[in-house]
Amino acid sequence: MPLIERRALLAGGLGLPLFAASSFAATDTSQRSTISRLRLRPTIHTGAEGWSLAERMTHHGVPGVAIAILRAGRVESAQGFGMRIAGRSRPVGADTLFSVGSVSKVATAALCLRLVSLGLLDLDRDIGRWLKQWRVPAGPTGDDSAITLRMLLSHTGGFNVHGFEDLAPGAPLPTLVQTLAGTAPALNKPLARIDPAGTRSRYSGGGYMIVQAVIEDTTGEPFAAMAQRHVFAPLGMTRSRFDSAPTTTIADIAHAHDGKGNPVALPRGWQSFPELAPSGLWTSAADLARLVLALGASCRKPGGFLPQELAIDMMTPVSPGFYGLGPRLAGVGAARIFHHAGANDSYKAYIEGNLATGDGLIIATNGAGGDLLGDEIRNAVSDARAWPGDWSVKTGQIAIGTLMDGYIGTYQRRDHQSPDSAGFLDTGFSAGHLEVARSGGGLELVAGERRRLLAPVSSNAFVMPDSYIPAGTLLLTFDRGADGSVRKLTVSGGGGVLFFDKV
């Protein structure tokens with residue numbers, strides 16, 4: 001799919017309760033009133049939408065979800081809804097174990113920074129000094145400039161390999177070195193430098209595999225054991241583990257489901273994720289709440305899980321992207337948040353913490369449609385808590401008239417745009433050219449084989465209801481010149497801007 005892939009990256013009124021079926025059991029029934037009036041809605045909305053959690057879980061084919069809501073630096077509620085296995089009476093709870101995909105990267109970054117605080121690692125020294133199992137290859141035109149942990153944690157190291165495939169139960173699991181080298185049974189390409197170090201924001205799960213190698217080569221211990229000792233144990237995350245394939249003897253684990261809510265990865269019930277540092281974390285909503293609270297508190301005051309100066313460094317964007325050292329960052333002032341989504345095939349997760357207030361949200365799901373459900377849950381919580389900086393867009397009837405005729409046509413991405421101004425969109429927005437066409441009485445955007453309706457928010461600005469960028473909304477603005485003609489299309493979102501010239 002052109003434009004931005006949800007998985008590749010990866011907020012109404014009163015009425016029906018959040019849960020509407022007896023199978024939706026909460027871990028603490030006394031807390032139900034705290035969320036019983038929440039109404040789920042999409043990020044691009046008309047104001048008329050409003051659904052219960054049970055309705056949307058059914059709609060998105062998600063059998064189970066765990067939610068933790070944070071307020072003022074504490075857990076306000078942590079609850080499970082639905083079932084760990086579709087059709088079975090095994091309720092989800094706050095301590096149910098989920099695969100959380102790329103949320104793993106935040107835990108990996110926390111481990112890395114703990115080791116920095118102990119003097120075992122350095123954020124700004126060449127990682128070649130620590131690596132023993134594998135060597136960083138030369139980049140384009142023989143580039144052998146230094147690669148640092150700061151670059152790898154912020155996705156500015158210039159590496160390929162965005163993410164990794166889930167593996168079916170019983171499939172052979174690659175070693176760390178096989179993954180880095182791209183040799184069987186690994187399914188990914190070899191890790192390679194494709195951009196000059198530090199010049200572009202390019203999401204790379206492969207870069208986090210290099211972080212794992214640095215940690216193992218420096219300490220001489222397995223990555224999972226180091227995470228247990230330096231992150232999970234100190235924070236009381238008793239259910240958490242980096243594990244390629246948890247055994248069936250582990251209790252209270254959410255099984256994998258496809259987009260229709262059918263169990264998959266049988267007979268075991270979940271896939272394998274051998275790439276531990278970028279996507280191999282199994283954890284619970286309650287445990288993730290402990291991690292989010294600890295990272296936020298470390299930033300606000302000294303004496304926390306991380307030294308305050310290091311925590312502030314973690315929560316400061318590294319140009320030209322919107323990543324800090326692990327988390328994504330968004331908002332300003334009272335709306336400043338750190339966040340990250342996770343998306344393996346059958347599990348979707350989301351974490352968010354407000355750096356000013358200590359508010360936040362944890363969502364873990366066991367269905368392929370859980371990312372869409374998670375967005376709607378986030379919107380419901382944001383509405384109920386009146387969170388600042390909500391990135392939703394409310395659409396309505398916009399008079400455009402004959403101006404629309406001038407928007408129709410082909411637009412070509414302008415060459416040599418600065419990564420500093422494009423930011424995340426530089427590599428996160430994949431379309432090289434766009435076609436704007438009529439669709440009934442409105443417009444649609446055509447990129448490759450994908451057609452997307454455009455919803456107007458002004459006479460020359462549009463949003464796409466089914467588009468997605470992390471903690472933001474993609475805006476397309478048609479720019480008219482003094483002669484009345486449309487000469488370019490501006491795409492903005494996530495703090496970045498791209499220009500497309502009309503052909």
Side-chain angles (χ1 to χ4, degrees), residues 3-12 38-51 56 67 69-70 102-103 201 203 292 296 315 317 321-324 327-343 348-357 359-363 370-396 398 422-425 428-429 445 452-458 461-477 490-498:
L3 308 182
I4 297 172
E5 288 272 13
R6 296 183 64 88
R7 191 187 190 284
L9 297 175
L10 214 142
L38 295 183
R39 303 292 293 164
L40 278 64
R41 62 165 176 81
T43 300
I44 310 268
H45 66 110
T46 66
E49 301 90 346
W51 308 290
R56 299 311 278 174
I67 305 169
I69 300 175
L70 314 180
S102 288
V103 171
S201 175
Y203 191 87
V292 170
M315 302 301 177
F322 55 20
Y323 287 91
R328 296 164 174 161
L329 301 164
V332 295
R336 189 160 179 258
I337 64 168
F338 65 98
H339 64 104
H340 213 292
K348 305 297 165 68
Y350 178 74
I351 63 171
E352 175 181 329
N354 185 296
L355 290 167
T357 66
D359 294 349
L361 179 65
I362 314 296
I363 303 169
D371 52 349
L372 298 169
L373 176 67
D375 286 349
E376 295 172 358
I377 293 171
R378 198 275 174 189
N379 293 333
V381 175
S382 177
D383 290 345
R385 297 295 185 270
W387 280 352
D390 179 50
W391 50 84
S392 299
V393 174
K394 185 176 180 180
T395 60
I398 304 292
F424 154 77
L425 295 177
F429 192 91
L445 189 73
R452 286 172 159 167
L453 292 177
L454 297 178
V457 292
S458 74
F462 295 76
V463 292
M464 291 184 293
D466 63 345
S467 71
Y468 172 80
I469 63 172
T473 304
L474 201 66
L475 184 68
L476 293 86
T477 305
T490 300
V491 178
S492 58
V497 178
L498 282 178

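In this text the structure is predicted, and so the values were computed from the model without any measurement.
- Ring pair His340/Tyr203 is tilted by interplanar angle, where 30° to 60° counts as tilted.
- We find the CD1-OG1 distance between Ile44 and Thr395 to be 7.5 Å, quoted to the nearest 0.5 Å.
- Counting all heavy atoms, side chain and backbone alike, Ala349 lies closest to Val103 at CB-CG2, 4.2 Å.
- Distance check: Arg56 CZ to Leu373 CG gives 8.5 Å after rounding to the nearest 0.5 Å.
- For the pair Trp51/Pro42, a side-chain contact is recorded, criterion being any heavy-atom separation below 4.5 Å from C-beta on.
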Would Trp387 and Leu361 count as a side-chain contact (heavy atoms from CB on, under 4.5 Å) if you check the C-alpha gap in whole Å, the side-chain angles of each, and the deciding distance to 0.1 Å?
CA-CA 11 Å; Trp387 280 352; Leu361 179 65; 3.9 Å; yes
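- The two residues Ala461 and Thr477 come nearest to each other via the heavy atoms CB-OG1, 4.0 Å.
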Go through Leu475 and Val457 one step at a time and tell me if the side-chain contact (heavy atoms from CB on, under 4.5 Å) criterion holds.
CA-CA 9 Å; Leu475 184 68; Val457 292; 3.9 Å; yes
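- For the residue pair Trp391 and Thr43, the shortest heavy atom distance occurs at CD1-CG2, 3.8 Å.
- In this structure, CD1 on Ile377 lies 11.0 Å from CG on Leu372, to the nearest 0.5 angstrom.
- Counting only distance, with no hydrogens or angles, the side chain of Asn354 and the backbone of Ala334 share a donor-acceptor pair below 3.5 Å.
- When all heavy atoms are compared, the tightest approach of Gly321 to Pro317 is O-CB, 4.1 Å.
- Ion pairing of Arg452 with Asp466 is present here, as a side-chain N (NZ or NE/NH1/NH2) and a carboxylate O approach within less than 4.0 Å.
- Contact between Ser201 and Gly423 at its shortest, heavy atoms only, is CB-O, 4.4 Å.
- Distance check: Tyr468 OH to Asp371 CG gives 7.5 Å after rounding to the nearest 0.5 Å.
- Nearest heavy-atom pair, Phe429 versus Leu498, reported as atom, atom and distance to 0.1 Å: CB-CD1, 3.9 Å.
- Salt bridge status for Arg378 with Asp390: present, with a side-chain N to carboxylate O gap under 4.0 Å.
- Interatomic distance, Leu476 CG to Met464 CE, rounded to the nearest 0.5 Å: 5.0 Å.
- Summarising the geometry, atom CE belonging to Met315 is positioned 11.0 Å from atom CD1 belonging to Ile337; distances are rounded to the nearest 0.5 Å.
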